[in-house]
Amino acid sequence: MTRRNQTHDEGPHNSVQQLRVVVQNSHGENLVGILHETGSKEVVIICHGFQSSKERIPMKNLALALEREGISAFRFDFAGNGESEGSFQYGNYRRETEDLRAVILHFCQEQRLISAIVGHSKGGNVVLLYASKYNDVPIVVNISGRFNLERGMEGRLGKDFLQRIKQDGFIDVKNRKGKFEYRVTEESLIDRLTTDTCAACGLIHQDCRVLTIHGSMDKIVPAEDALEFAKFIHNHKLHMMEGADHEYTSHQDELATIVVNFIRGDSCENEVPLTLLPKKKEVPLTRSGSQRAMNVIKSRI
């Protein structure tokens with residue numbers, strides 16, 4: 001079930017509208033998004049990151065930049081985030097990939113063409129996972145995605161998180177003021193650890209153009225993760241943005257320009273020269289992600 005309600009027009013042309021669109025995912029949950037409708041047949045889908053929403057500045061600015069170029073864009077909330085139904089889950093990479101699938105199928109049923117999928121942070125991982133599974137989008141933009149999902153957990157969960165979750169079955173994450181934010185279960189932790197980014201990158205078809213953008217001053221996801229994507233994705237360009245943080249706080253215009261130009265097929269300045277990039281690696285697919293994750297857990301407990 002889908003319903004649309006017109007909101008307000010913030011575009012530079014009278015023909016541009018911002019419409020509220022509700023798409024039901026495969027679990028019966030309503031996903032809420034905003035369609036920046038320019039009248040173009042093509043639509044770019046924009047995905048937010050961890051504990052974020054379609055209203056965060058990078059997502060809104062990217063949609064507005066595409067809108068100004070006459071390209072329709074749709075930014076939406078994954079289940080359990082923002083206005084969408086469902087409960088927030090840690091990990092959840094595969095399920096968010098299926099949320100994106102529901103959104104893409106919706107626009108395909110309306111005879112629209114998905115010209116690109118763009119994801120910021122965790123959303124970057126989701127768009128790459130989607131491309132590796134469905135191979136039906138021509139352009140993917142990964143903005144500050146994390147390559148090594150086994151890293152970055154201690155900062156949120158504590159150094160002894162594996163022992164604690166084995167003992168109690170869950171970890172309640174609180175903010176700096178001690179207020180409860182979300183619960184991490186053993187199942188959701190395994191979901192993250194069994195999400196094999198390396199294997200997924202190797203499965204993206206060589207006809208799919210992929211751009212990775214990463215800020216050199218990113219303190220959330222290390223900039224070297226961007227170099228790892230470059231090793232395993234066949235048709236890949238890498239843009240390192242000097243001085244940019246994870247949210248591109250002082251680099252919003254630059255970020256939007258790079259993304260729009262790539263989607264339009266223009267060359268990106270400040271691409272890392274091919275001679276400086278590591279050689280492509282063959283992706284090892286003999287060991288499943290679940291085996292790898294369980295070995296990690298067993299070795300640390």
Side-chain angles (χ1 to χ4, degrees), residues 23 25 31 33-34 36 43-66 71 73-82 84 89 91-104 107 114-149 152 192 195-197 200-201 203-204 208-215 218 220-221 225-226 228-230 232-233 235-239 241 244 246-248 252 255-256 258-260 262-263 268:
V23 179
N25 67 11
L31 309 176
I34 300 295
H36 295 244
V43 179
V44 174
I45 310 298
I46 301 173
C47 302
H48 65 76
F50 180 76
Q51 279 196 301
S52 186
S53 78
K54 66 183 181 303
E55 301 301 330
R56 291 291 286 268
I57 291 175
M59 276 54 72
K60 292 185 72 172
N61 281 354
L62 288 171
L64 290 170
L66 289 161
I71 303 170
F74 183 67
R75 50 186 172 91
F76 74 101
D77 295 324
F78 287 113
N81 293 268
S84 292
Q89 298 287 335
N92 226 28
Y93 290 86
R94 296 173 183 83
R95 187 156 170 172
E96 290 188 357
T97 300
E98 296 311 307
D99 281 355
L100 176 56
R101 179 64 173 171
V103 167
I104 288 176
F107 284 103
I114 306 303
S115 57
I117 52 178
V118 180
H120 173 249
S121 193
K122 185 185 178 186
N125 291 87
V126 171
V127 296
L128 292 170
L129 289 169
Y130 180 92
S132 74
K133 182 175 182 179
Y134 292 104
N135 281 311
D136 60 358
V137 291
I139 297 173
V140 175
V141 180
N142 161 37
I143 304 171
S144 302
R146 185 184 294 277
F147 185 85
N148 187 348
L149 296 180
R192 173 164 174 157
T195 301
D196 196 333
T197 305
C201 288
L203 292 172
I204 298 174
C208 178
R209 296 171 54 230
V210 180
L211 171 65
T212 292
I213 305 171
H214 215 106
D218 191 330
I220 305 298
V221 179
D225 276 35
E228 294 300 310
F229 287 114
F232 296 99
I233 299 175
N235 188 356
H236 183 269
K237 291 185 180 296
L238 171 61
H239 184 104
M241 193 176 297
H246 191 66
E247 295 286 334
Y248 298 83
Q252 287 295 315
L255 175 65
I258 293 165
V259 172
V260 170
F262 186 78
I263 291 173
C268 300

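Side chains are part of it too, since the values below use all heavy atoms of this structure and drop only hydrogens, waters and symmetry mates. Sequential numbering from 1 along the given sequence is applied to the chain's residues. None of the values given here were measured: they were computed from a predicted structure.
- Residues L149 and N125 are in side-chain contact: their nearest non-hydrogen atoms beyond the backbone lie under 4.5 Å apart.
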For this session: Could you walk me through whether I139 and F262 pass the side chain to side chain contact (heavy atoms under 4.5 Å, CB included) test, one step at a time?
Result: CA-CA 9 Å; I139 297 173; F262 186 78; 3.6 Å; yes

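- A heavy-atom distance below 4.5 Å is found between the side chains of E98 and K133.
- Checked against ring pair (Phe, Tyr, Trp, His ring centres under 6.0 Å), H48 has the following partners two or more places apart in sequence or in another chain: F78.
- The two atoms that bring S132 and A200 nearest to each other are CB-O, 3.1 Å, heavy atoms only.
- Of the N and O atoms on the side chains of S144 and Y248, at least one donor lies less than 3.5 Å from an acceptor on the other residue.
- Crowding of R101 atom CZ: a count of heavy atoms from other residues, nucleotides or ligands under 6.0 Å exceeding 12.
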Exercise. Does the pair I204 and F232 meet the rule for a side chain to side chain contact (heavy atoms under 4.5 Å, CB included), with working shown?
Worked result: CA-CA 9 Å; I204 298 174; F232 296 99; over 6 Å; no

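- S84 places a side-chain N or O within 3.5 Å of a backbone atom of D77 that can act as its donor or acceptor partner.
- For the atom pair CG (L211) and CG (N235), the distance works out to 11.0 Å, reported to the nearest 0.5 Å.
- When atom types are taken as modelled, the side chain of N92 and the backbone of R95 share no donor-acceptor pair closer than 3.5 angstrom.
- Contact check for L66 versus H36: no side-chain heavy atoms found under the 4.5 Å cut-off.
- The side-chain hydrogen bond (donor to acceptor under 3.5 Å, both in side chains) test applied to E55 returns R75, not counting sequence neighbours.
- Side-chain atoms of K54 and I34, non-hydrogen and from C-beta on, do get closer than 4.5 Å to each other.
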Please set out all donor-acceptor pairs under 3.5 angstrom arising from side-chain atoms of residues 114-122, sequence neighbours excluded.
{"from": "H120", "atom 1": "NE2", "to": "H246", "atom 2": "O", "distance (Å)": "2.8"}
{"from": "S121", "atom 1": "OG", "to": "H246", "atom 2": "NE2", "distance (Å)": "2.8"}
{"from": "K122", "atom 1": "NZ", "to": "G91", "atom 2": "O", "distance (Å)": "2.3"}
{"from": "K122", "atom 1": "NZ", "to": "E96", "atom 2": "OE2", "distance (Å)": "3.4"}

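- Distance alone, capped at 3.5 Å, places no donor-acceptor pair between the D225 side chain and the R146 backbone.
- Using a 4.5 Å cut-off on side-chain heavy atoms (C-beta onward), M241 and I213 make contact.
- When every heavy atom of V259 is checked against every heavy atom of I143, the shortest pair comes out as CG2-CD1, 4.1 Å.
- Side chain of Q51 to backbone of N81: no donor-acceptor contact under 3.5 angstrom is found.
- Counting only N and O atoms by type, the side chains of T212 and N142 include a donor and acceptor under 3.5 Å apart.
- In this structure, F74 CZ and C47 SG are separated by 9.5 Å, a value rounded to the nearest 0.5 Å.
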For this session: Determine, step by step, whether V137 and I45 satisfy the side chain to side chain contact (heavy atoms under 4.5 Å, CB included) criterion, reporting the C-alpha distance in whole Å, the side-chain angles of both residues, the deciding distance to 0.1 Å, and the verdict.
Result: CA-CA 11 Å; V137 291; I45 310 298; over 6 Å; no

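- Smallest separation of non-hydrogen atoms from L31 and A79: CD2-N, 3.6 Å.
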For this session: Decide yes or no on side chain to side chain contact (heavy atoms under 4.5 Å, CB included) for V210 and L128, but give the supporting numbers first.
Result: CA-CA 9 Å; V210 180; L128 292 170; 3.9 Å; yes

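- The shortest side-chain heavy-atom distance between L255 and N61 does not fall under the 4.5 Å cut-off.
- Annotation for V140 and A131: closest pair CG2-CB, 3.7 Å, computed over non-hydrogen atoms.
- Looking at heavy atoms from C-beta onward, N148 lies out of side-chain contact with T197 at the 4.5 angstrom threshold.
- G145 approaches H214 most closely through the heavy-atom pair O-CE1, 3.8 Å.
- Residue I46 holds its CD1 atom at 8.5 Å from CE of M59, rounded to the nearest 0.5 Å.
- Taking the side chain as every heavy atom from C-beta outward, P138 and R209 never approach each other to under 4.5 Å.
- The distance from the CG atom of L100 to the CZ atom of F76 is 5.0 Å, given to the nearest 0.5 Å.
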